[in-house]
Protein chains: 2
Amino acid sequence: MELRHLRYFLAVASHQNVRAASEELHVSQPAVSRQIQDLEDELGIQLFERLPRGIRLSRAGEAFREDISRVMAALGVACERAQRVSRGEIGELRIGYVEVAGWEGIVPDTFHAFRESAPEVRLELTPTGTPDQLAMIRAGMLDGGFIYQFDPLPPNLAALHLGEHGVLLAMPSRWAQRPDRPVKLNDLTGERFIFFHRNAYPAYYDLLLTACALSGLVPHIVQEGQNEAAVLSLVSAGIGLAIVNDRNRYRPPAQVEFREIEDLNIRLPLRFVYRHERTNPALQNMLACLENR
Amino acid sequence: MELRHLRYFLAVASHQNVRAASEELHVSQPAVSRQIQDLEDELGIQLFERLPRGIRLSRAGEAFREDISRVMAALGVACERAQRVSRGEIGELRIGYVEVAGWEGIVPDTFHAFRESAPEVRLELTPTGTPDQLAMIRAGMLDGGFIYQFDPLPPNLAALHLGEHGVLLAMPSRWAQRPDRPVKLNDLTGERFIFFHRNAYPAYYDLLLTACALSGLVPHIVQEGQNEAAVLSLVSAGIGLAIVNDRNRYRPPAQVEFREIEDLNIRLPLRFVYRHERTNPALQNMLACLENR
DNA sequence: CAGATTGATGCTTTCAAGGCATCAGTATAG
DNA sequence: CTATACTGATGCCTTGAAAGCATCAATCTG
């Protein structure tokens, strides 16, 4: 059995007339007659009653017609759906992002732009750190992610540069007697510092310490946090100072104030990273949003 | 697009391997490769990603696979259903019957037998008179009916003889002083009679009057009822006597007694009638039940 | 009764599916 | 590190089935 048989069957059934159906199908009448006979032979049943003049659907044919129309409609929908998935119009896109980067700027803007351009794609957002994202992207658990990239990318991953963020000094509010004014690193000698674990972002960690050293500061690290949020909680608790992403200004924790650091020029390179063989068509769409921003 | 494309696609998708699929399909590997390519060309999308070694479903391919498996399953069900309809195992059978004939004997027995042999056929029963049934059968509103046949059948209708029923005298209880004993027609001269309308069953009506005349009775008809139930209601009300189907003994109305009529030998020929081109396969099943009784 | 219209059938053609041989690329075993 | 095996793709040829043409048989219509 082939779709041809079913197409011819539906045409004949709807016209109740072989010749009319054959014209609609743009084939000769004998061809249609034969295909209908073949279909009947294969099913082993009569789909049409042969009247002295003309034909008419049998009971079985009526049932078959109802079912087959639904089947053909479903087939059409299936093709349509596959094409829309392939164009990235429907489906699912799993994107990771560093939480602070999602508070303002290109990351949330891109999410909005994507939602407008592909409203039927389920956008699954996973806020998590850079190393986590890279692992998940490589494992195929994420289609892409917004990260701060210091280390070179693993092979297979491609990146889109989106700009750079800076760093700020975070201090407990009650330590900040003087009004908001930039500080210098060597003013901070002897202060107690909170850092993140080195093995979380080794390259960034080393970059930070090197920059401090160049400005004559070897920070006295009294505690380490799992991530920046944890570090800021410790600052909020009055444990010490910390150097953090400047995006934290958009959602300052309680009991914490931020100061620019005059002599520390560290840039956090925000990138969108994805597997080079972009397997998810919706990803193309997101890349387009990023490039046309 | 033909079913071949879809069958090959599903095979390749489930094996994630062209050669394995080609073996399952009993065709050569190049044939499968080509059909997959043709399908992709026709849909205008990539269903598979070509890896350096082997292939893998693309996102669109995954969506297509899910949909197409359902489509193919539905197609199988459709064929199955059409075949079962054609064998009369499922579907609908609309049968008429004269109510009194349905109270006992072959008519209800056949209904039970049919229900056992084709439990999934919806049996739609319509209790109504012989002329009504014949009209509905000819109009295609009924597939067949149990009738009492006096007039010759219209063309296109076939009949199965099922036996004969007799007639009884029905009288109001308070008129029946003597115990149940057969009566003779000429004992009833001068009695008031209730008949049915002649145009309802002309042949039966005439047969009845002729038989009465032969026994020396010209019944004094005081009222006519639409059908036998109406006639019996009038008897029950004490309006007069009536000659009715002997099946009424199985559900005697209140205030009515029945007597056999010694010198009236009228036989009511019970027949199953259907259109000669038995268009409903379930009807075959019912005919089989009637013939194997 | 002539002509039109129905679907079926015999014969021929044609086009596409299938098979074979082979290629290019990569993984694997020795 | 090479030989081999295995992947899917491609070129070429064969063949089978679908389509077309002409026609038939039956029936309806004017």
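Note that the structure is predicted; figures quoted are calculated from it, not measured. Every chain is numbered from 1, with letters handed out A, B, ... down the list of sequences.
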* Salt-bridge test for B:R198 and B:D206: reply yes if a basic N is under 4.0 Å from a carboxylate O, no otherwise. =>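 Salt bridge between B:R198 and B:D206, a charged N being under 4.0 Å from a carboxylate O: yes.
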
* Asked: Looking at residues 53-65 of chain B, who's got a heavy atom less than 4.0 Å off DNA chain C?
  ->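 Heavy-atom contacts with DNA chain C come from B:R53.
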
* Go through residues 36-52 of chain B and report each residue with a non-hydrogen atom lying under 4.0 Å from DNA chain D, sorted by number. =>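 Correct list: B:Q37, B:R50.
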
Interatomic distance, [X] [atom1] vs [N] [atom2] [rounded to whole Å]:
{"X": "A:Q35", "N": "C:dT9", "atom1": "CD", "atom2": "C1'", "answer": "15 Å"}
{"X": "B:M1", "N": "C:dA16", "atom1": "CE", "atom2": "P", "answer": "17 Å"}
{"X": "B:R19", "N": "C:dG25", "atom1": "CZ", "atom2": "P", "answer": "18 Å"}
{"X": "B:H26", "N": "C:dA17", "atom1": "NE2", "atom2": "C1'", "answer": "17 Å"}
{"X": "B:R7", "N": "C:dG18", "atom1": "CZ", "atom2": "C1'", "answer": "15 Å"}

Verify the neighbour count for atom [atom1] of [X]: are there more than 12 heavy atoms of other residues, nucleotides or ligands below 6.0 Å?
{"X": "A:H276", "atom1": "NE2", "value": "no"}
{"X": "A:E116", "atom1": "CD", "value": "no"}
{"X": "B:Q226", "atom1": "CD", "value": "no"}
{"X": "B:M1", "atom1": "CE", "value": "yes"}

* Quick one: label B:R4 by what it contacts on the DNA or RNA (base, sugar-phosphate, nothing), any heavy atom closer than 4.0 Å. =>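 Answer is sugar-phosphate: B:R4 comes under 4.0 Å of backbone atoms only.
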
* To do: Determine the contact category for B:Q29: base if any of its heavy atoms lies under 4.0 Å from a base atom, sugar-phosphate if only primed atoms, P, OP1 or OP2 are that close, otherwise nothing.
  =>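 Base, at least one base atom sits under 4.0 Å.
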
* For A:E2 and A:R4, run salt bridge (Lys or Arg N to Asp or Glu O under 4.0 Å): C-alpha distance rounded to whole Å, both residues' side-chain angles, the deciding distance at 0.1 Å, then the answer. => CA-CA 5 Å; A:E2 290 298 340; A:R4 187 179 353 89; 5.6 Å; no

* By salt bridge (charged side-chain N to carboxylate O under 4.0 Å, His left out) - contacts of A:R122 (at least two apart) ->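 Partners of A:R122 by the salt bridge (charged side-chain N to carboxylate O under 4.0 Å, His left out) criterion, ordered by chain and then number, come out as A:E92, A:E124.
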
* Name the stems that DNA chain D belongs to, where each is three or more consecutive Watson-Crick or G-U pairs with both distances under 3.5 Å? ->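 Looking at DNA chain D, the stems formed by three or more consecutive pairs are C:1-30 with D:1-30.
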
* Asked: Which is the 5'-most and which the 3'-most nucleotide of DNA chain D that has an atom under 4.0 Å from a heavy atom of chain A?
  ->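 First-to-last contact on DNA chain D, by the 4.0 Å heavy-atom rule, is D:dA18 to D:dC28.
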
* **Approximate separation, where rounding is to 0.5 Å, of A:M286 CE and A:F146 CZ** =>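 One finds 5.5 Å between CE of A:M286 and CZ of A:F146.
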
* Asked: Is any side-chain heavy atom of A:F114 less than 4.5 Å from a side-chain heavy atom of A:I95?
  ->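 A:F114 vs A:I95: side chains apart.
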
* Do B:V12 and B:L47 have side-chain heavy atoms sitting under 4.5 Å apart? ->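 They are not in side-chain contact.
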
* Measure the acute angle between the ring planes of B:Y205 and B:F196, then classify it against the limits of 30° and 60° as parallel, tilted or perpendicular. =>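 Perpendicular: the ring planes of B:Y205 and B:F196 meet at over 60°.
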
* Asked: Which comes earlier along DNA chain D counting from the 5' end, the contact point of A:P30 or that of A:Y8, where each point is its nearest nucleotide?
  ->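 Closest to the 5' end, via its nearest nucleotide, is A:Y8.
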
* **side chain to side chain donor-acceptor pair (under 3.5 Å) partner of B:Q35, chosen from B:H5, B:R7, B:E40** =>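 Of B:H5, B:R7, B:E40, side chain to side chain donor-acceptor pair (under 3.5 Å) with B:Q35 is met by B:H5 alone.
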
Side-chain donor-acceptor contacts of residues 152-164 of chain A below 3.5 Å, not counting sequence neighbours, with atom names and distances?
from: A:H161; atom 1: ND1; to: A:R271; atom 2: NE; distance (Å): 2.7
from: A:H161; atom 1: ND1; to: A:R271; atom 2: NH2; distance (Å): 3.1

